[in-house]
Amino acid sequence: MAQVDYSRSNWLPHVILWIGLFITAFPLYVTFVASTLTPTEIAQTPMQMYPSLQGVDNYATAFSKGSAGTYLSPPAMTLLFNSLIVALVVTFGKIAVSLISAYAVVFFRFPGRMFFFWMIFITLMLPVEVRILPTYKVVTDLNLINSYAGLTLPLIASATATLLFRQFFMTIPDELVEAAKIDGAGPMRFFKDVVIPLSRTNIAAMFVILFIYGWNQYLWPLLITTSNSLDVIVVAIKKMIGTGAEPTDWHIVMATTILALIPPVLVIVAMQKSFVKGLTDTEK
Amino acid sequence: MDRRVIFSNKLLPYLLLAPQLAVTLVFFFWPAGQAIQMSVMEQDAFGLTKTFVGLANFKELFNDPEYLKTFWRTIIFSGAVAICALVPALLFALMAERVVRGATFYRTILVLPYAIAPAVAGVLWLFMFSPSVGIVAYWLKKLGIDWNPKLDGNDAMLLVIMAAAWKQISYNFLFFLAGLQSIPKALLEAASIDGAGEWRKFRTIIFPLLSPTTFFLLVVNIVYAFFDTFGIIDAVTSGGPAKATEVLVYKVYYDGVVALNLGTSSAQSVILMVIVILLTAVQFRYVEKKVHY
């Protein structure tokens, strides 16, 4: 490995990167500080820039009571639970249906194979945002409004995950398939004992991307739930912010915001390698 | 590319495809079909009768100055988000590629916004810039800048652009970093030996070699700004003040869900579908090219 010349302008990259860190972290820091202050302290201008011990109370209130105000939010405990259910069902659902459909497309020949593959592929071009009303109508007709099924099922198809797994399955050597056949292993046996274990890193990569996708859903849960007790945390935070008539409980909103950030941030930090792989592999 | 060795079951592949196809048909194709169908229908105020009106809904849209304004606003918004998210990301990636010490630390922090929901990112920025409690709004006031995104449409637009760009920098940063790491070091060393300065190396080697990545990111960022920023806009401005931040996706939502105007909302959905199809086509054409070069 050739070494680049580090003696010259060694400090400049660090300075610029620290500016980047500041831009990235400052909004998070302000939110964290606000989540630890009393309402009076937040209302003071300028707001103090270091956390206070009041935070313990704020988090306890947010977690077990929620915010008062026009929107009677459920406690963050409930909100986090709803978000977790949605994120996990969407993540595992997408991974499961994508794994088996990619397996079908790669390891079998059957009439309509490419047609079905294209059908899945085309869903890339139909994001929720462009079919808001009709999808809502379908979900109402199926009586899935205000249910976990309504929140998660419509999100479970995944063209990106199917494409990624298909890509990977095509690199599995033919010899492995032949060996399995000679040993008398059927297709499901081969799937369970060879394909799934080989796909571990790809599954982990998809897990990070899809968990964040599921956790951060906004428009869909906003449409599909009319009962507050089914709100996911991201939607609830928006609803907690007063529209003018009622003052906003900023200290509770900020504590709830921090609670809402923690799970996806933990996933991304803990699984950073998988995350980068998932991101760069699926989008290419 | 097809596999040589395969399994020969007849029924099994259909069973394996069934779950995904069921979800796709029920929640993607059926609603998309309905959107197309409703876009050529007019429904009376009580939702009792529907009449076929051909392309009247589309004509009405394109003759509606409000819709055209929303269209332009969306283009300006998307362009601004893409530029504000791409330029700093490229700069940070260039710098991150040079540092040895602390590289992981920098990267870990810089990618955090990716994990944050658009609506939550919106709330963070809303709070910082809130005229009544925000710390940045306070600084702006100290500097004598009149700032009120609740009343001033330009301030509101600026705020949603900043929040949307902030969230997207992480993504661009990672892709630029990957792009930079694939540039052969020998090329840069040769240029150094020939006496090329940093700027010249960037202009003549790095930037051209990064152009596929940049183009790809440009498309992705535009798609992001078009569709994924709904949460940011809803949380920060709800499209206001006086529709100053209403972009296409927000208008579909507002006209359909809030104003319950099914015909125009569906026609708008169809227009958005066409836009996504075009953007996806551009993106995949690029991918094809890249694979073959």
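Numbers restart at 1 for each chain; the letters A, B, ... are given by sequence-line order, proteins then strands. All values reported here derive from a predicted model rather than from experimental measurement. For the numbers below, each heavy atom of this structure counts, side chains included, while hydrogens, waters and symmetry mates do not.
Residues A:Leu223 and B:Tyr253 are in side-chain contact: their nearest non-hydrogen atoms beyond the backbone lie under 4.5 Å apart. No side-chain heavy atom of A:Thr24 sits under 4.5 Å from any side-chain heavy atom of B:Ile169. Contact annotation: the side chain of A:Ile23 never approaches that of B:Pro88 to less than 4.5 Å [non-hydrogen atoms, C-beta and beyond]. Residues A:Ile241 and B:Phe127 are not in side-chain contact: their nearest non-hydrogen atoms beyond the backbone lie 4.5 Å or more apart. Put simply, the side chain of B:Phe29 reaches to within 4.5 Å of the side chain of A:Thr123, judged on heavy atoms. Between A:Leu133 and B:Val252 the shortest side-chain heavy-atom distance does not fall below 4.5 Å. Contact annotation: the side chain of B:Val123 approaches that of A:Met254 to within less than 4.5 Å [non-hydrogen atoms, C-beta and beyond]. B:Leu112 has its side chain within reach of A:Ile268: a pair of non-hydrogen atoms, C-beta onward, lies under 4.5 Å apart.
Under the rule for a side-chain contact (heavy atoms from CB on, under 4.5 Å), the partners of B:Ala225 that lie at least two apart in sequence or sit in another chain are B:Phe77, B:Ser78, B:Val81. Checked against side-chain contact (heavy atoms from CB on, under 4.5 Å), B:Lys141 has no partners two or more places apart in sequence or in another chain.
In this structure, B:Pro13 and A:Ala104 approach most closely via the heavy-atom pair O-CB, 3.6 Å. Residues A:Lys238 and B:Ala235 come closest through the heavy atom pair CG-CA, 3.7 Å. Scanning all heavy atoms of the two residues, the minimum distance from B:Phe92 to A:Leu17 falls at O-CD2, 3.5 Å. Residues B:Asn9 and A:Pro187 come closest through the heavy atom pair OD1-CG, 3.5 Å. The minimum heavy-atom distance linking B:Arg101 with A:His14 is given by the pair O-CE1, 3.5 Å.
Residue contact with chain B, scored on non-hydrogen atoms closer than 4.5 Å, involves the backbone of A:Phe169 exclusively. For A:Thr135, the parts lying near chain B are the backbone and the side chain together; criterion is any non-hydrogen pair under 4.5 Å. At a 4.5 Å heavy-atom cutoff, A:Ile258 makes no contact with chain B through either its backbone or its side chain. With a 4.5 Å cut-off on non-hydrogen atoms, B:Leu126 touches chain A through its side chain but not through its backbone. Using a 4.5 Å cut-off between heavy atoms, A:Leu142 contacts chain B through its side chain alone, with no backbone atom that close. Residue contact with chain B, scored on non-hydrogen atoms closer than 4.5 Å, involves the side chain of A:Phe275 exclusively. In this structure, chain B has heavy atoms under 4.5 Å from both the backbone and the side chain of A:Leu21. For a residue to count as touching a neighbouring chain, one of its non-hydrogen atoms must lie under 4.5 Å from one of that chain's; by this rule B:Val26 touches chain A with backbone and side chain alike. Heavy-atom distances place both the backbone and the side chain of A:Leu153 under 4.5 Å from chain B. Contacts between B:Leu12 and chain A at a heavy-atom distance below 4.5 Å involve the side chain alone, from C-beta outward. Contacts of A:Ala185 with chain B are made by backbone atoms alone, with heavy-atom separations under 4.5 Å and no side-chain atom involved. With a 4.5 angstrom heavy-atom cutoff, A:Phe32 does not touch chain B via any of its atoms. Interface remark: B:Ser238 contributes side-chain atoms only to the contact with chain A (heavy atom separation under 4.5 Å). Only the side chain of A:Leu222 has a heavy atom closer than 4.5 Å to any heavy atom of chain B. Residue B:Leu279: no heavy atom, backbone or side chain, is found under 4.5 Å from chain A. Within the 4.5 angstrom heavy-atom criterion, only side-chain atoms of B:Ser265, from C-beta onward, approach chain A. For A:Pro173, the part lying near chain B is the backbone, with the side chain staying farther off; criterion is any non-hydrogen pair under 4.5 Å. Interface residue A:Lys137: only side-chain heavy atoms are found under 4.5 Å from chain B. The part of B:Val136 that comes within reach of chain A is its side chain, from C-beta onward, which places non-hydrogen atoms under 4.5 angstrom from that chain. When heavy atoms are compared at a cutoff of 4.5 Å, A:Pro111 approaches chain B by way of both its backbone and its side chain. Contact annotation for B:Ile135: only side-chain heavy atoms (C-beta onward) come within less than 4.5 Å of a heavy atom of chain A. With a threshold of 4.5 angstrom between heavy atoms, A:Ile233 does not approach chain B through any atom at all.
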Hey, mind stepping through B:Leu16 and A:Phe191 against side-chain contact (heavy atoms from CB on, under 4.5 Å) and telling me if it holds?
CA-CA 11 Å; B:Leu16 292 173; A:Phe191 181 67; over 6 Å; no

How far apart are the C-alpha atoms of A:Ile16 and B:Leu91, what are their side-chain angles, what is the distance that settles it, and do they pass the side-chain contact (heavy atoms from CB on, under 4.5 Å) test?
CA-CA 8 Å; A:Ile16 291 175; B:Leu91 183 65; 3.8 Å; yes

Can you list the steps and then say if A:Met47 with B:Tyr138 is a side-chain contact (heavy atoms from CB on, under 4.5 Å)?
CA-CA 9 Å; A:Met47 193 184 92; B:Tyr138 168 80; over 6 Å; no

Apply side-chain contact (heavy atoms from CB on, under 4.5 Å) to residues B:Phe227 and A:Leu219 and explain how you reach the verdict.
CA-CA 11 Å; B:Phe227 301 103; A:Leu219 178 57; over 6 Å; no

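Between atom CZ of residue B:Phe27 and atom CH2 of residue A:Trp220 there is a gap of 7.5 Å, rounded to the nearest 0.5 Å. Going from atom CG of A:Leu12 over to atom CD of B:Glu198 covers 9.5 Å, rounded to the nearest 0.5 Å. One distance of note links OG1 of B:Thr24 with CE of A:Met119; it measures 6.0 Å at 0.5 Å rounding. Atom CD1 of A:Ile19 is separated from atom CE of B:Met95 by 10.0 Å, given to the nearest 0.5 angstrom. Of the inter-residue distances, the one linking B:Leu15 atom CG with A:Ile100 atom CD1 reads 9.0 Å to the nearest 0.5 angstrom. In this structure, A:Tyr218 OH and B:Ile232 CD1 are separated by 11.0 Å, a value rounded to the nearest 0.5 Å.
Atom CH2 of B:Trp139 is surrounded by more than 12 heavy atoms from other residues, nucleotides or ligands within 6.0 Å. Taking a 6.0 Å sphere around CD of A:Gln167, one finds it holds 12 or fewer heavy atoms contributed by other residues, nucleotides or ligands.
Across A:Phe190, A:Tyr103, A:Trp215, A:Trp250, the residue that shares the most heavy-atom pairs under 4.5 angstrom with chain B is A:Trp250. The candidate with the highest count of non-hydrogen atom pairs below 4.5 Å against chain B, out of A:Ala157, A:Pro264, A:Pro263, is A:Ala157. For the set A:Val15, A:Val106, A:Leu99, the entry with the most heavy-atom pairs within less than 4.5 Å of chain B is A:Val106. Taking A:Ile212, A:Val235, A:Val253, A:Asp174 one by one and counting their heavy-atom pairs under 4.5 Å with chain B, the maximum is reached by A:Asp174. Ranked by non-hydrogen atom pairs under 4.5 Å with chain B, the options A:Gly112, A:Ala102, A:Pro134 are led by A:Pro134.
The aromatic rings of A:Phe110 and B:Tyr14 sit perpendicular, their planes meeting at an angle over 60°, well past the 30° parallel limit.
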